[in-house]
Number of protein chains: 2
Amino acid sequence: MNFPKRKQKIIEQLNQRGEVDIKQLATELDISEITIRRDLNQLAVDGLLYRTHGGATKVNPLERPHSFVNKSAQNAGVKDAICRLAAAQINDGDIIFMDCGSTVFRLCQFIKNKKIKVITNSLPVIYELQDCAVSVNIIGGELDKERQAVHGTTAIEHINKYRAIKAFLGIDGISEAGLFANSEHEASITSSFAANSAYTYILCDATKIGKETYLNFAGLNLISAIITNGDEDSLLFLKRNGVTVLSTKR
Amino acid sequence: MNFPKRKQKIIEQLNQRGEVDIKQLATELDISEITIRRDLNQLAVDGLLYRTHGGATKVNPLERPHSFVNKSAQNAGVKDAICRLAAAQINDGDIIFMDCGSTVFRLCQFIKNKKIKVITNSLPVIYELQDCAVSVNIIGGELDKERQAVHGTTAIEHINKYRAIKAFLGIDGISEAGLFANSEHEASITSSFAANSAYTYILCDATKIGKETYLNFAGLNLISAIITNGDEDSLLFLKRNGVTVLSTKR
DNA sequence: TTGATAATGATTATTTTTGAACGAATTAAA
DNA sequence: TTTAATTCGTTCAAAAATAATCATTATCAA
């Protein structure tokens with residue numbers, strides 16, 4: 001029973017019970033109390049727990065931020081169909097923006113073998129494109145851990161330095177009034193991407209069509225096209241406003 | 001029973017049990033303990049496992065969705081000792097730079113519970129600090145997939161916008177002539193970090209001391225302190241040049 | 001075969017880890 | 001406040017693991 005093994009067990013116990021007791025650990029791990037004491041001291045120095053008399057407690061009950069993978073798995077079939085359509089719009093040599101939506105994320109799998117440059121603020125996209133031919137440019141700035149993406153004024157400035165052919169963006173809602181987002185941060189990033197690309201594609205499933213939520217940050221003239229699974233009728237207002245509609249239902 | 005064969009068996013055992021024991025391997029493979037030790041050391045250098053006293057453990061006991069190349073398994077013990085010393089220099093409220101070296105990466109585990117801001121160009125660092133209290137700022141620019149870090153002129157510009165209290169940097173070599181790097185990219189990033197922080201710490205193991213390799217990109221006056229496991233004698237030239245020396249050997 | 005090179009094993013000194021003892025410090029109880 | 005009981009850290013010693021050195025064996029090419 002070496003230190004790494006003990007360390008693992010101790011952290012495990014700590015996560016289960018919230019606190020540990022030296023005597024109890026000593027008997028359970030079948031090791032002397034002084035060694036446990038030394039272990040706990042070391043782990044306390046490393047900031048992995050708080051030392052107390054006779055034991056230790058958890059340092060910070062921070063629960064893992066929402067799993068991005070799970071969210072992106074919702075409606076996977078629909079999203080994949082949308083992304084296949086989107087990928088068909090991308091040619092070798094293109095420079096494209098990708099934002100941090102869960103739908104846009106699923107576009108990654110369809111572009112891995114294309115010879116393109118991707119500029120993105122989304123960590124999952126970056127990770128996903130790591131071991132493939134795609135050249136990646138990362139938007140710098142503050143990391144929003146909740147959204148696993150970069151945002152803030154530095155990010156906006158960074159985006160404004162680049163020009164892309166196409167932008168692939170997510171959205172929280174879209175109606176005749178324009179585009180809707182659930183936060184200022186998202187809205188400003190989306191606007192910047194759109195402003196610096198020749199063509200702007202919105203990727204969204206049918207639930208977002210006609211939905212008006214929180215912040216109405218731009219009109220429909222910001223975008224060139226929408227790629228969705230919505231049906232003809234619900235998309236009429238987009239066509240009327242000069243937005244190209246690509247639907248997985250035909 | 002040659003090395004590739006043994007290597008296969010060892011990795012196999014490791015995946016089954018999570019850890020291996022030298023004595024046990026020696027009897028099972030019917031080979032001397034010293035040879036097993038040599039094998040394990042080699043595999044640790046290759047980043048395939050972590051060496052422990054009496055055996056080895058898997059590199060990443062907690063399953064991660066994305067794995068990064070793990071050069072940091074090499075000399076893990078030495079690097080951890082260096083990083084503990086480094087972590088002791090960091091106070092709550094600090095804003096720090098971290099670059100993309102394998103030693104600097106191991107600093108992550110010791111700062112997870114500190115209330116600090118980290119500005120970095122290293123993807124592994126970003127990933128490692130994702131589920132903790134540390135606030136992260138990502139340097140933007142082109143992604144170097146080889147080094148899993150951001151570089152380029154945009155990155156330099158980005159760094160120049162920020163000011164940090166302390167910079168923790170790796171290096172490929174250091175001698176009386178100054179600092180050495182294996183690439184222009186690395187050198188320019190390191191220089192920028194140093195130029196924009198009040199204190200600059202170099203984290204390096206003893207093998208880098210006195211080593212002159214490829215590009216001599218800066219003098220010793222660039223840095224404030226060095227944190228290393230080198231011995232007194234080999235570090236004298238640093239003290240003579242006004243560099244504070246923090247050594248794990250005392 | 002012969003010589004050179006690499007891999008393996010044995011020996012020994014050094015380092016690391018662990019446990020025990022005991023006085024000091026801390027907490028809890030009277 | 002005083003006393004008793006833990007718990008803690010330091011020191012020391014033993015055991016285990018390791019690194020360093022040298023000897024032996026195996027491998028391979030000429």
Side-chain angles (χ1 to χ4, degrees), chain A residues 1-11 13-14 17-57 59, chain B residues 1-11 13-14 17-46 48-58 73-85 88 106 205-209 228-234 247-250:
Chain A
M1 179 70 80
N2 47 18
F3 178 64
K5 189 89 182 170
R6 292 199 305 271
K7 172 177 170 179
Q8 189 192 324
K9 290 268 185 194
I10 292 170
I11 299 294
Q13 294 263 327
L14 211 49
R17 275 179 280 206
E19 60 179 348
V20 289
D21 177 74
I22 287 185
K23 286 192 191 252
Q24 164 207 320
L25 278 173
T27 52
E28 279 185 26
L29 303 185
D30 194 31
I31 203 127
S32 76
E33 291 184 22
I34 180 71
T35 302
I36 297 290
R37 248 200 300 276
R38 280 194 268 243
D39 287 352
L40 292 185
N41 288 351
Q42 184 59 65
L43 294 174
V45 168
D46 296 347
L48 271 60
L49 47 75
Y50 283 134
R51 192 67 214 285
T52 61
H53 274 250
T57 62
V59 61
Chain B
M1 179 69 80
N2 50 13
F3 178 62
K5 189 90 180 168
R6 292 198 306 272
K7 173 176 169 177
Q8 188 195 325
K9 289 271 186 192
I10 292 170
I11 299 294
Q13 295 263 326
L14 209 51
R17 276 179 281 204
E19 61 178 346
V20 290
D21 177 75
I22 286 186
K23 286 189 193 263
Q24 164 207 319
L25 279 173
T27 52
E28 280 185 26
L29 305 184
D30 193 30
I31 202 129
S32 76
E33 291 184 21
I34 180 73
T35 302
I36 297 290
R37 247 199 298 277
R38 280 194 266 244
D39 287 352
L40 292 185
N41 288 350
Q42 184 56 53
L43 293 173
V45 167
D46 297 343
L48 272 57
L49 48 74
Y50 280 133
R51 194 64 217 289
T52 64
H53 265 244
T57 63
K58 278 211 268 190
Q74 196 172 338
N75 271 327
V78 168
K79 288 178 178 176
D80 282 357
I82 291 172
C83 288
R84 266 193 200 100
L85 250 180
R106 295 190 72 86
D205 57 75
T207 62
K208 310 290 173 57
I209 310 286
T228 181
N229 65 325
D231 54 58
E232 287 290 315
D233 296 348
S234 66
S247 178
T248 59
K249 290 186 185 171
R250 98 227 93 79

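Just so we're on the same page: letters track the sequence lines, and every chain starts at 1. Just so we're clear, the structure is a prediction, and the values are computed from it rather than from any experiment. All values below come from the heavy atoms of this structure, side chains included, with hydrogens, waters and symmetry mates left out.
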Any side-chain heavy atom of [X] within less than 4.5 Å of one from [Y]?
{"X": "B:Leu29", "Y": "B:Thr35", "result": "no"}
{"X": "A:Lys5", "Y": "B:Thr52", "result": "no"}
{"X": "B:Arg37", "Y": "B:Ile22", "result": "yes"}
{"X": "A:Leu14", "Y": "A:Tyr50", "result": "no"}
{"X": "A:Lys7", "Y": "A:Asp39", "result": "no"}

Got a list of protein N/O to nucleotides 5-7 of chain D N/O distances below 3.5 Å?
| unit_1 | atom_1 | unit_2 | atom_2 | d |
| --- | --- | --- | --- | --- |
| D:dT7 | OP2 | A:Lys23 | NZ | 3.3 |
| D:dT7 | O3' | A:Gly54 | N | 3.3 |

- 5' priority, DNA chain C, between B:Asn2 and A:Ile34 [closest heavy atom]: B:Asn2
- Query: OP1 or OP2 of C:dT18 sitting under 4.0 Å from any side-chain N/O of A:Thr35?
  - Reply: no
- Residue-phosphate contact under 4.0 Å: B:Ser32 side-chain N/O, C:dT8 OP1/OP2: no
Specify the separation, in whole Å, of atom [atom1] of [X] and atom [atom2] of [N].
{"X": "B:Gln42", "N": "C:dT8", "atom1": "CD", "atom2": "C1'", "answer": "15 Å"}
{"X": "B:Phe3", "N": "C:dT5", "atom1": "CZ", "atom2": "P", "answer": "22 Å"}
{"X": "B:Ile36", "N": "D:dA19", "atom1": "CD1", "atom2": "P", "answer": "14 Å"}
{"X": "B:Asn229", "N": "D:dA19", "atom1": "CG", "atom2": "P", "answer": "14 Å"}
{"X": "B:Asp39", "N": "D:dA17", "atom1": "CG", "atom2": "P", "answer": "17 Å"}
{"X": "B:Asn41", "N": "D:dA17", "atom1": "CG", "atom2": "C1'", "answer": "11 Å"}

- Minimum heavy-atom separation for B:Arg106 to B:Cys83, with atom names? C-SG, 3.7 Å
- Task: Take the C1' atoms of the five end pairs on each side of the helix from C:dT1-D:dA30 to C:dA30-D:dT1, derive the two axes, and give their angle rounded to 10 degrees.
- Result: 30°
- Message: Taking B:Thr207's backbone N and O only, do any of them form a donor-acceptor pair with B:Asp205's side chain (distance below 3.5 Å, no angle check)?
- Response: yes
- Hey, does the side chain of B:Asn229 reach the backbone of B:Ala206 with a donor-acceptor pair shorter than 3.5 angstrom? yes
- Query: Is there a donor on the side chain of A:Arg38 or the base of D:dG9 sitting less than 3.5 Å from an acceptor on the other?
  - Reply: no
- Message: Tell me whether B:Asn2 at atom CG has more than 12 heavy atoms from other residues, nucleotides or ligands lying less than 6.0 Å away.
- Response: yes
